[in-house]
Amino acid sequence: MNPSRPLFTHAFVGMGCANSLLLHALHRNGLLENSRLLVIDPEPKTTNDRTFCFWLSPEELHANGLESLVEHSWDQVICNDQAPQQLQHKRYYYLSSAALYAHAKAILTHYDFIWEQRAVDTNLGELATHVFDSRPPEWKIQHASQTFIKQSFYGWVLRTAKPIFDPHTFTMMDFSIAQNGHTQFMYVLPFTDDQALLEPTRFGKQIISEEEAFGLVQAYLAPFDTTFELISQEQGRIPMSSAAPISRQTATNVTLMGAAAGQLKPSTGYSFVRNLHDANALVLSMKQNASSLQRRQVKLRFVYYDRLLLQILARKPHRGKEIFQRLFAHNESQQVLNFLDERTSPAQEARLMLTLPIFLFLGAAIRDLFQHIITFLSKVSPALLLGLFAVFIEQVGLLEWCQPLLLIGLLVVGLPHGALDHLHQQPGKKWQQLLPYFTLYIALGLGVLCFWFVAAPFALLMFLVYSAWHFGQADLEIWKLKKSSIEPFLWGSFSLLFLLFTHFLEVNKVLLQMGVKLNWLSDAPFFSSMTASPFWMLIGIIPVFIFRSWRIVEAIIVLILLSSLPLIEAFGIYFIFQHSWNGWRYIAQITPMNHIQLWWQALPFTLASIGLFAGYYFWSSAQNWGLLFIFLSALSFPHVFFMHRAYPTKS
Ligand SMILES: Cc1cc2nc3c(=O)[nH]c(=O)nc-3n(C[C@H](O)[C@H](O)[C@H](O)COP(=O)(O)OP(=O)(O)OC[C@H]3O[C@@H](n4cnc5c(N)ncnc54)[C@H](O)[C@@H]3O)c2cc1C
């Protein structure tokens with residue numbers, strides 16, 4: 001807290017549409033008594049920077065105390081070349097932003113307030129007890145199903161020499177104007193029979209230029225054979241995004257408002273009524289002293305409809321005209337407005353959808369579903385996908401199909417992930433300069449190999465310890481979960497022991513091949529429980545509780561799936577598609593190379609390790625899985641050693 005700043009009860013960051021309406025609602029409900037108000041806005045908010053139009057029932061307008069601000073209203077609407085339609089219980093209202101801002105300023109004078117004309121971007125929570133942040137947001141496409149386009153327009157209020165307008169009827173969308181490969185329409189607000197706002201508007205990636213817009217106005221007026229004079233001009237670019245605004249880190253006393261709080265309807269760019277309803281919801285929860293502030297309700301199916309429409313407008317802009325023409329031709333305007341207000345029932349929406357080019361929307365829905373599946377799959381660990389696949393093919397008796405996948409995985413990522421240590425340990429060195437490093441690498445491996453011949457049980461213990469350490473490091477580093485230096489070892493031990501104990505009979509056979517007898521272990525207390533996955537699932541509650549991360553839950557699900565597979569398939573999937581995959585991604589992060597370059601860098605060492613193993617295998621007297629694991633332990637020791645040096649000591 002800045003001690004020199006007086007303590008404000010409410011701070012309004014930005015005094016545009018949303019915060020003006022909130023201030024208005026707070027004031028009308030007597031929620032600002034004895035308040036000290038702070039407004040921060042880089043703009044003086046004295047100019048008419050936009051006009052707000054919206055549809056409401058006269059009763060609702062009255063209930064919200066906005067009548068005095070309205071400058072014009074219409075009770076009939078035209079869309080395209082149709083006959084004018086009555087708006088029935090609603091009217092279409094027009095108020096200038098200048099009037100709204102002036103109204104907000106007039107309200108402020110009832111209170112102790114300060115208006116600071118500046119921009120603020122940090123420490124908003126310190127401004128006041130309650131902070132309402134309406135700074136315009138940024139949008140970022142998070143995945144392929146999302147679309148970001150713009151509604152761009154130029155509007156001219158003009159006076160025509162001839163009386164050509166009907167002042168009772170506004171034109172919401174007239175798609176008779178040239179489309180030129182875009183989705184664009186004329187929006188007309190007639191104030192008198194010879195004065196109107198004409199606004200050529202485009203929905204799309206490309207912004208409409210002033211020249212294009214003015215050309216469209218001239219072409220629109222040409223059939224009336226009238227001259228005209230320009231009175232005023234407005235222009236706008238409103239984001240139409242199916243991605244939510246990028247969330248801002250906010251303190252708990254900061255409430256996002258307006259577009260930043262998702263109050264801009266993506267498919268239309270209208271936000272005035274949404275802001276009004278949101279302000280009312282906030283005020284209601286303040287009056288009720290609710291523990292958390294309530295917001296305008298969002299119905300997810302409308303988010304979905306908007307997403308499909310934006311996808312079509314972005315990908316097939318030339319089809320926009322057809323969609324909107326059919327929407328207005330086959331449905332009453334009142335019904336369309338209710339739909340845009342998100343106040344229709346699913347049955348009404350279905351009827352409305354059937355009037356649209358249905359295959360276009362079906363195609364968009366399939367594409368959307370496909371993109372969601374791809375996005376979902378890209379977030380799921382490959383080990384989970386492979387684990388599910390392997391369990392499925394095992395059930396149908398085709399587990400051998402797993403082997404080619406394991407072989408490919410071993411060549412693509414399993415072996416290469418361990419063949420890149422020189423890149424991060426000896427960066428930029430030429431082959432001949434790497435000789436001492438390779439000598440040390442091979443010596444470390446040979447040392448481990450010798451150890452197996454001299455004291456196999458100790459070599460096994462060592463192998464388990466450094467593998468657990470290394471597996472844990474690879475997982476926790478890439479998942480950004482490491483908080484202390486012991487956690488990787490504990491997590492790695494848990495994973496490894498889960499895998500080994502739930503395959504104990506097979507592990508025991510391999511260990512015998514490696515020269516280690518563990519028969520005594522069978523007499524240990526709880527031994528039979530330890531070979532069953534429920535025991536490890538129970539233990540798994542501890543890491544879930546400690547890390548509180550989906551990644552840990554996912555990894556435990558993988559281990560549960562693997563416990564039902566034979567050892568070699570289970571270990572292969574775990575080693576390649578969890579451990580190696582995570583290790584590979586970490587190396588890709590710390591080296592300035594892409595995946596293909598990394599793979600080529602690893603290739604000589606991948607081939608060398610295959611060659612070494614082949615020689616070792618055929619040279620050995622007994623050829624079995626034990627041999628492979630001894631070789632792995634020797635090969636992995638220097639890798640574990642050097643990777644440990646590559647991981648940061650502190651997270
Ligand atoms: C030209 C135009 C015409 C429109 N017409 C309509 C219409 O007819 N009907 C309708 O429903 N919607 C309309 N819209 C859309 C919608 O009304 C606006 O997007 C609406 O203003 C959004 O409200 P808001 O409060 O989130 O943002 P704004 O009204 O833009 O308010 C944001 C405020 O934050 C201030 N600010 C910016 N940066 C900072 C900072 N760093 N620190 C402090 N303050 C900051 C800005 O100066 C501004 O005053 C129109 C939009 C435009 C651009």
Side-chain angles (χ1 to χ4, degrees), residues 11-25 38-56 66 69-74 92-102 104-105 115-124 127-128 131-139 150-157 170 172-173 187-189 197 199-202 207-208 213 232-241 245 248 254-279 282 296 337 340-341:
F12 298 89
V13 178
M15 190 50 87
C17 177
N19 272 350
S20 296
L21 289 172
L22 177 68
L23 179 70
H24 168 79
L38 171 67
V39 178
I40 302 183
D41 198 307
E43 303 294 332
K45 307 306 279 185
T46 46
T47 52
N48 188 33
D49 56 13
R50 63 199 64 178
T51 49
F52 295 116
C53 287
F54 54 92
W55 56 92
L56 269 186
L66 292 171
L69 297 181
V70 168
E71 290 172 29
H72 290 277
S73 71
W74 296 264
Y92 194 66
Y93 294 104
Y94 167 103
L95 63 85
S96 72
S97 58
L100 182 67
Y101 306 148
K105 286 181 176 177
W115 182 298
E116 292 182 4
Q117 194 181 328
R118 66 182 174 96
V120 63
D121 287 307
T122 49
N123 301 335
L124 265 60
L127 294 172
V131 181
F132 300 99
D133 174 14
S134 72
R135 287 172 300 148
E138 283 177 49
W139 276 268
K150 284 206 167 154
Q151 174 179 155
S152 55
F153 52 86
Y154 282 84
W156 286 274
V157 177
F170 80 101
M172 193 163 189
M173 289 178 152
Y187 173 61
V188 186
L189 298 180
L197 169 75
E199 208 157 76
T201 305
R202 179 182 293 171
I207 302 299
I208 194 166
S232 62
Q233 185 188 2
E234 80 165 12
Q235 78 167 91
R237 290 174 189 183
I238 305 177
M240 301 175 83
S241 168
R248 296 179 188 144
V254 179
T255 305
L256 290 179
M257 296 296 298
Q263 305 305 342
L264 199 59
K265 175 131 175 106
S267 57
T268 63
Y270 281 97
S271 88
F272 188 89
V273 173
R274 287 178 155 221
N275 280 329
L276 182 68
H277 289 158
D278 190 44
L282 285 168
R296 185 185 65 83
L337 295 186
L340 297 179
D341 270 344

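Counting convention: from 1, in listed order, for ligands and their atoms alike. For the single chain, residues carry numbers from 1 onward in sequence order.
Applying the salt bridge (charged side-chain N to carboxylate O under 4.0 Å, His left out) criterion to D133, with sequence neighbours excluded, gives R135, R248. H72 pairs by the side-chain hydrogen bond (donor to acceptor under 3.5 Å, both in side chains) definition with nothing, not counting sequence neighbours. Partners of F54 under the ring pair (Phe, Tyr, Trp, His ring centres under 6.0 Å) rule, at least two apart in sequence or in another chain, are Y93, F272.
Separation of atoms CZ (F12) and CD1 (I40) is listed at 12.0 Å; rounding is to 0.5 Å. Note: I207 CD1 to R202 CZ = 8.5 Å, rounded to the nearest 0.5 Å.
Between W74 and Y92, the two ring planes are tilted [angle within 30° to 60°].
Enumerated by chain and number, the residues approaching ligand 1 to less than 4.0 Å through a heavy atom are V13, G14, M15, G16, C17, A18, I40, D41, P42, E43, K45, R50, T51, F52, C53, A119, V120, D121, S134, R135, P136, F153, Q235, G236, I238, G258, A259, L264, G269, Y270, S271, F272, N275.
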